[in-house]
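Chain naming here is simple, since letters A, B, ... match the order of the sequence lines and numbering starts at 1 in each.
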Amino acid sequence: MTEPLTNKPDQEDTEIAKKLQAVAERTQAPSYFVVELEQRLREKHIPKGSWHWQWRDLTPTLGWMVLVLAIGILLIWGIRNFVPTPQPASDGTSTALEPTDTPTVTVVSDDNVTPAPETQGYDWRNAKLYLSVPLPGSPVGTNLYVPQEEQPATIETARALATQFGIAGNIYETSQGLFNATGYLVTDGRQRLYMQSNLHYDYYSDYGAYTYTSGDKNITDQQAAIAIETFMESHGLDLPYQIQSARRDPGMYFVLPLTPDGFTIWHDYNIPARLEFTIDQNQQVIRVTSYQVGYEAFGGTYGIRTAEEAFQQVLDQSHTIHDGVLESIRSGGLSQAGFWSRTYPDNKTITIIGQPATYPASNKDTLPFASIGQWTVFGNVTGLENVDPTTYVEATGRFVTENGIHKFNVDSWKVTSAEEFYLSGTLRREGDQTILTVEDGSAEYTIEDAPEDLPLKTTLPDEYLTIYGFMNEGKLDWYSIQYYPSGSGGGGGGGSGNGFYQLNLSGTPVPFPIEQFTQGNTEYIVSENDTLSSIAENFGVTLDQLVAANNLPDADHVLTGQRLIIPGLQQNQPVIGQHIKVERGIFTITTHRKTDGSQRVEYALYLNPELYPFLYAILEGSNLEDLQGYHNRPVDIWGTIESVDQNGTPIVNVERYEIPFPNLDFQLMEGTQRMTQLNGQQFTLFTASEGTTYAQITSIGIPDSTILGLEGNDVILEVLAVPGETFGGYPALRVFSGETVNPMENQSTDLTITANQPHVMDEAPGMEEYTPTSATIEKVELVYYGPDPLYGNQNGNADGTPQYIQPAWRFYGHYSNGDEFEFLVQALKQEFLLPELAPYRRPG
Amino acid sequence: MTTLFTEQTDSPRMDEIQLAREAISNVDAFAELYRRHVTRVYRYHIVHTGNLKDAEDLTSQTFIAALEGIRSFRGNGSFAAWIMGIASRKKLMYFRGRRPEFPLDEAVGYPSPSLPTDKAAVQRLQIEAVSRALRQISPERAEAISLSFFGGLSNSEISRVLKKSEAAIKMLVSRGLQDLRERTSQELEVEL
């Protein structure tokens with residue numbers, strides 16, 4: 001490619017840029033959506049009080065009675081929930097196709113467990129962590145696997161897989177799929193197989209666009225197991241597997257393929273390598289979507305740590321995130337509570353509307369595959385392939401069913417001006433008519449062919465009834481109706497953890513810094529009332545480490561004034577008792593107004609995280625009231641870290657302060673911004689209208705690289721010009737806020753300085769009743785963890801080796817608020833690890 | 001030149017470090033961050049999916065994930081970059097076929113929530129046109145452009161999200177614009 005390298009976009013590119021910007025500017029999220037989401041977020045927000053961190057006894061609290069009860073319950077739970085030895089499905093030689101009465105594969109259920117409240121509880125994250133199953137034993141070693149790049153489907157492999165699924169039909173080429181390679185669709189008009197590769201495909205026994213909603217939400221695990229087993233056998237899916245129910249869509253189960261040594265494979269966010277089965281009310285499998293992983297054995301046996309050691313790491317995750325553990329959380333239940341899809345009778349002339357899709361057949365003599373909306377069409381469809389697939393067409397004709405295949409025979413079609421839309425509102429019945437009143441009361445529509453079981457008189461915002469359809473010449477033509485009671489709707493999730501360590505397969509162990517800690521040692525002077533255990537707990541080290549680091553003869557005996565070496569600390573861990581001096585931290589004053597009318601003033605200091613191990617500290621001291629006028633101004637502070645709150649924020653007792661610039665105040669400056677760079681670091685330059693150019697830094701002193709609007713726009717910034725501060729050869733401005741200037745209005749008179757005014761925060765009602773959510777681990781199992789192939793193999797190691805599929809201990813359970821969580825703990829013994837994290841992407 | 005994100009960039013980043021810390025324990029602080037960034041997240045998702053329902057779903061998922069993980073925002077980059085990073089990852093998960101109308105394909109449709117007026121129809125057509133156009137250039141370039149124009153991120157913020165150098169981002173955006181111009185300009189008939 002010989003494209004010229006340009007740094008400046010030429011004129012026409014600027015045109016395109018302006019167009020994009022114009023479209024973007026005019027796009028706003030619907031206001032009902034913004035409001036409703038804010039409401040949901042508020043409800044989800046788990047308030048945390050700001051009490052100080054208490055000394056905590058880490059031993060589980062059990063009374064004798066509870067102990068007996070707990071053992072009894074553990075025995076019962078153990079029998080019910082302990083993961084059974086994986087049983088492979090039939091070996092493929094059986095020819096029986098009738099469902100057997102008892103499935104040979106049992107369903108391993110993730111979420112039918114109600115934790116017994118009296119089982120062993122560990123103090124954890126200011127609440128309790130319960131382990132409701134016994135920790136399993138473990139093999140001495142496991143395999144390692146190497147992910148294999150999957151081969152995109154070809155006509156031959158598509159035909160072979162289709163034959164395996166019993167589809168005798170035509171093959172069509174679909175547009176670029178997930179891997180930018182041609183995908184294939186094989187269909188006989190009723191069954192459809194969309195295939196990207198042998199590992200990624202989507203099969204429908206009777207295609208419907210809303211099949212994912214048609215699963216039976218009342219199906220039992222046993223019925224599902226029978227349906228799945230029958231299907232696997234009759235469709236040649238000969239692989240060892242385990243079945244697990246999936247909560248996301250009704251009637252959905254996961255079939256988890258097993259590695260040769262009998263374990264399941266997991267990716268991030270609690271997602272396994274799997275085949276997703278959807279089963280309907282007739283206990284038929286109506287959809288199978290394959291998300292499998294290709295791999296080959298690396299060879300060798302690799303020692304792993306026990307479940308107990310892994311569990312200890314989960315306990316250590318209580319307040320600080322450690323390496324070698326991945327955590328994910330997911331909330332939200334079923335996707336929706338009610339769904340109806342429009343169906344039409346056969347042999348009646350009607351008009352359907354939808355977006356056209358045509359795929360050429362691989363055999364040039366065969367007509368292309370055509371669909372309009374969710375329906376397969378044939379007949380007078382010439383020219384449909386030339387229509388832009390994002391426009392809508394309407395087709396007049398009749399539905400017919402031939403050989404069990406339901407499709408639409410087109411008499412004529414045309415591009416339509418019908419508008420697709422959706423409406424939310426309430427339904428009512430008048431006689432035999434169903435009428436929709438739109439949410440804001442502005443209109444009413446008749447719903448033709450309304451299903452009988454639609455919910456009537458639903459009320460917002462607790463219940464959302466939404467109709468999707470087309471408006472054609474004033475008439476409402478619906479195609480789907482969805483019902484969401486409050487609390488359902490798309491769930492969300494998150495994750496934390498820094499990822500796993502890189503593997504060391506050289507055969508020579510590499511020493512780790514003491515117990516994963518990465519900083520040097522620190523000294524601590526023992527004060528009155530300290531004990532070795534309390535000191536160890538305070539610094540997040542174990543008693544053994546402390547004793548070892550100090551060669552103490554007696555683990556119980558320390559003297560006041562004695563100097564102890566604290567072995568290397570977790571990064572960013574503030575040290576209690578440490579004296580600190582902060583130069584030019586940004587001092588802030590926040591008044592917290594409580595619901596009972598009282599208020600509390602909090603003083604805090606924001607620090608440059610590049611210079612200090614923490615970003616933020618809470619200040620205490622009687623002399624702080626003197627600093628009332630210095631909100632958001634730089635202050636020098638001398639003090640001692642007294643304690644750490646449960647968010648990890650240090651609380652500093654201020655012994656002395658100094659105000660370096662007593663008269664420093666905010667200014668409003670007008671000018672323009674542009675980007676520049678120094679030594680590879682980008683930052684923003686601000687040129688004031690009077691001519692001086694400044695480097696922008698943030699309130700806490702980090703080089704700033706934000707631009708308001710586009711480079712060159714007129715902006716007004718609210719700044720602190722701290723005397724003597726420079727960056728990159730320019731005088732520096734600490735920028736606190738800013739706005740772009742609209743030349744239509746004279747804005748300079750409207751803006752006022754607000755950054756010097758202390759914050760006022762009103763405490764949300766209900767904080768006082770907060771109860772911490774406890775967590776219950778319901779399943780502990782050894783699994784393999786590997787990268788998700790849908791992301792491509794982007795997480796390779798620096799030396800070019802891929803991320804291996806490696807053993808991990810999986811802890812799965814629920815918080816008491818219903819959110820599900822998962823911890824994956826790297827299981828390989830340290831001798832097979834490098835003290836370096838593997839490259840990894842996660843939020844945060 | 002008209003302003004791009006008036007409400008959202010009143011105080012870009014500067015006091016967001018403070019807000020994010022307060023958001024751990026105070027729901028109003030989180031709500032403030034939400035209000036400042038919901039539009040950029042939504043715009044990013046809708047230009048990518050071309051579909052209102054999916055854009056709403058992805059926007060919800062993005063903010064719920066941000067709420068769960070708010071503690072991990074350390075202020076060593078802008079909040080906008082942080083939340084767009086989450087949005088970008090949520091978008092990747094969307095294409096696993098969670099809710100396809102046309103499995104393993106992409107449906108582009110943008111119903112407007114009320115009786116369509118001319119203005120709403122034009123708006124919809126424009127977003128569809130952009131969405132379509134972006135599909136015709138390389139995904140990397142489309143992503144850089146989406147983050148820039150619709151997510152409203154600076155090049156340095158995009159480099160944080162995509163983990164590439166800023167020079168690479170600049171290249172992706174400018175080459176992407178070039179591609180858009182060469183391949184699709186007749187579709188992007190937008191009134192300026």
Answer whether the closest heavy-atom distance between the side chains of B:Ile64 and A:Arg40 falls below 4.5 Å.
yes

Which heavy atom in B:Phe149 sits nearest to a heavy atom in A:Ala24, and how many Å separate them?
O-CB, 3.4 Å

Bottom line for B:Ile83: the part with an atom under 4.5 Å from chain A's heavy atoms is neither

Any side-chain to backbone donor/acceptor pair from B:Tyr42 onto A:Thr27? Under 3.5 Å, distance only.
no

Side chains of A:Glu38 and B:Val38: closer than 4.5 Å at any heavy-atom pair?
no

Student check: side-chain heavy atoms of B:Ser60 and A:Phe33 closer than 4.5 Å
yes

Which atoms of A:Thr590 come close to chain B, meaning under 4.5 Å heavy atom to heavy atom: side chain ones, backbone ones, both, or neither?
side chain

Part of B:Tyr34 within contact of chain A (heavy atom distance under 4.5 Å):
side chain

Could you report the tightest heavy-atom contact between A:Leu20 and B:Phe150, atom names first, then the distance?
O-CZ, 3.9 Å

A side-chain contact here means heavy atoms from C-beta on lying under 4.5 Å apart; do A:Gln677 and B:Ser156 qualify?
no

Checking heavy atoms, do the side chain of B:Ala81, its backbone, both or neither come under 4.5 Å from chain A?
neither

Minimum heavy-atom distance between B:Arg43 and A:Glu25, given as atom pair plus value
NH2-O, 3.1 Å

Side-chain touch B:Leu52/A:Pro30, heavy atoms, less than 4.5 angstrom
yes

Examine whether an atom of B:Thr59 lies under 4.5 Å from a heavy atom of chain A, and if so say whether it belongs to the side chain, the backbone or both; otherwise answer neither.
both

